[in-house]
Amino acid sequence: MTDNAAVADRKQESSKWIVLAAVMSGVIMGPIDASIVNVVLPSIAVHFAVDYALAQWIPTIYLLSVCSFILFYGRLGDIFGYKIIYLTGLTGFIIASVLCGIAQNIWMLIVFRALQGLMVAMQTALGLAIVTSTFPPHERGKAIGIYATSIAVGLMIGPVMGGVIAEYLGWRYIFFINLPVGIVALTLGLRVIPRGEKK
């Protein structure tokens, strides 16, 4: 093998792990937001002077939105390309997070959470597709395992982050925190995620 070929192989080897890191940095925000809100629901209910039962729609509508559109977005990814659908979802998630943070009543927050869930569904549907298309068959198991770990970590640290943020900053910042993290994930994704094939 020539030196140039060896360098090319090393670049390809490192680039696929960078793609995995880029996808994980965006996808992890979905499970974090699925669990982080539960900690601050009582504070939100008190702030908007509503029953706790109504406030429960904030996490419920999010999960319903995520689960209902994964297959649809997966098909869109096949048609238009994985990267564009994934990054559209990530961009929409950032915008929806800001809207959640500035919501003026409980109904606005519920609607914006539904929008946030729709955007997370795009990332969930296409994140794994990007990973599997980036790695060769003999490495996909390892890559998928790492990818799944990021989701589990997101679910685990969400309540901890929610408690700390609510204690020192207030419940609105559990949504605002997505802005800087999302921008970093979006910037990285734009640079390193491959376009993917259209079918």
Side-chain angles (χ1 to χ4, degrees), residues 1-36 62 66 69-98 116-158 160-161 165 174-199:
M1 182 181 294
T2 65
D3 290 342
N4 289 339
V7 170
D9 285 345
R10 285 196 294 270
K11 286 183 178 179
Q12 185 177 10
E13 178 70 21
S14 62
S15 66
K16 62 188 176 187
W17 294 105
I18 294 173
V19 170
L20 177 60
V23 172
M24 287 171 54
S25 66
V27 168
I28 195 173
M29 291 192 294
I32 287 176
D33 266 58
S35 58
I36 197 172
Y62 176 88
V66 172
F69 286 86
I70 288 179
L71 293 178
F72 172 71
Y73 289 141
R75 182 55 184 153
L76 283 185
D78 290 337
I79 296 171
F80 297 107
Y82 300 156
K83 181 175 183 176
I84 189 170
I85 301 300
Y86 173 82
L87 294 180
T88 298
L90 182 53
T91 303
F93 175 79
I94 296 168
I95 295 170
S97 296
V98 174
Q116 197 181 39
L118 290 174
M119 298 300 103
V120 167
M122 287 190 187
Q123 299 172 67
T124 303
L126 279 305
L128 186 57
I130 292 169
V131 171
T132 55
S133 65
T134 301
F135 283 80
H138 68 279
E139 290 186 316
R140 283 178 189 161
K142 182 193 299 184
I144 292 171
I146 296 172
Y147 174 89
T149 300
S150 71
I151 295 175
V153 169
L155 290 170
M156 179 180 66
I157 67 175
V160 178
M161 288 179 59
I165 292 171
I174 69 170
F175 301 112
F176 291 146
I177 195 68
N178 292 329
L179 181 59
V181 178
I183 289 174
V184 170
L186 181 61
T187 302
L188 186 58
L190 283 168
R191 295 187 63 178
V192 304
I193 292 177
R195 291 179 60 87
E197 296 182 0
K198 301 177 184 179
K199 297 181 181 179

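- Between W17 atom CH2 and T134 atom OG1 the span is 11.0 Å, to the nearest 0.5 Å.
- Two residues are said to be in side-chain contact when any heavy atoms from C-beta on lie closer than 4.5 Å; Q123 and Y73 fail this criterion.
- Side-chain contact between I28 and I151 is absent, with no heavy atoms from C-beta onward closer than 4.5 Å.
- Heavy atoms of other residues, nucleotides or ligands lying less than 6.0 angstrom from CG of L190 number more than 12.
- Across every non-hydrogen atom of P31 and V27, the tightest pair is CD-O, 2.9 Å.
- Side-chain atoms of M24 and L20, non-hydrogen and from C-beta on, do get closer than 4.5 Å to each other.
- Separating the CZ atom in R140 from the NE2 atom in H138 is a distance of 10.0 Å, to the nearest 0.5 Å.
- Looking only at side-chain heavy atoms (C-beta outward), L179 and V98 come within less than 4.5 Å of each other.
- I84 CD1: 12 or fewer foreign heavy atoms inside a 6.0 Å radius.
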Requested in this report: Give the C-alpha distance, both sets of side-chain angles, the deciding distance and a yes or no for side chain to side chain contact (heavy atoms under 4.5 Å, CB included) between I94 and N178.
Outcome: CA-CA 6 Å; I94 296 168; N178 292 329; 6.0 Å; no

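- Using modelled atom types, one side-chain atom of Y86 and one backbone atom of V23 make a donor-acceptor pair closer than 3.5 Å.
- Inter-residue side-chain proximity for D33 and Q116 is flagged as met; some heavy-atom pair is nearer than 4.5 Å.
- Looking only at distances, no side-chain donor or acceptor of Y82 sits under 3.5 Å from a matching main-chain atom of L128.
- In plain terms, the two heavy atoms of I174 and I177 that are nearest each other are O-CG2, 3.4 Å.
- Looking at heavy atoms from C-beta onward, K83 lies out of side-chain contact with P194 at the 4.5 angstrom threshold.
- Counting only distance, with no hydrogens or angles, the side chain of K16 and the backbone of F135 share no donor-acceptor pair below 3.5 Å.
- Of the inter-residue distances, the one linking I193 atom CD1 with S15 atom OG reads 12.5 Å to the nearest 0.5 angstrom.
- L188 and S25 make their closest contact through CD2-OG, 4.4 Å (heavy atoms, listed as atom of the first residue, atom of the second, distance).
- Between M122 and T88, the closest side-chain pair of non-hydrogen atoms falls below 4.5 Å.
- Inter-residue side-chain proximity for V131 and V19 is flagged as unmet; no heavy-atom pair is nearer than 4.5 Å.
- Of all heavy-atom pairs between S35 and L155, the closest is OG-O, 3.3 Å.
- Between A125 and G74, the shortest heavy-atom contact is CB-N, 3.8 Å.
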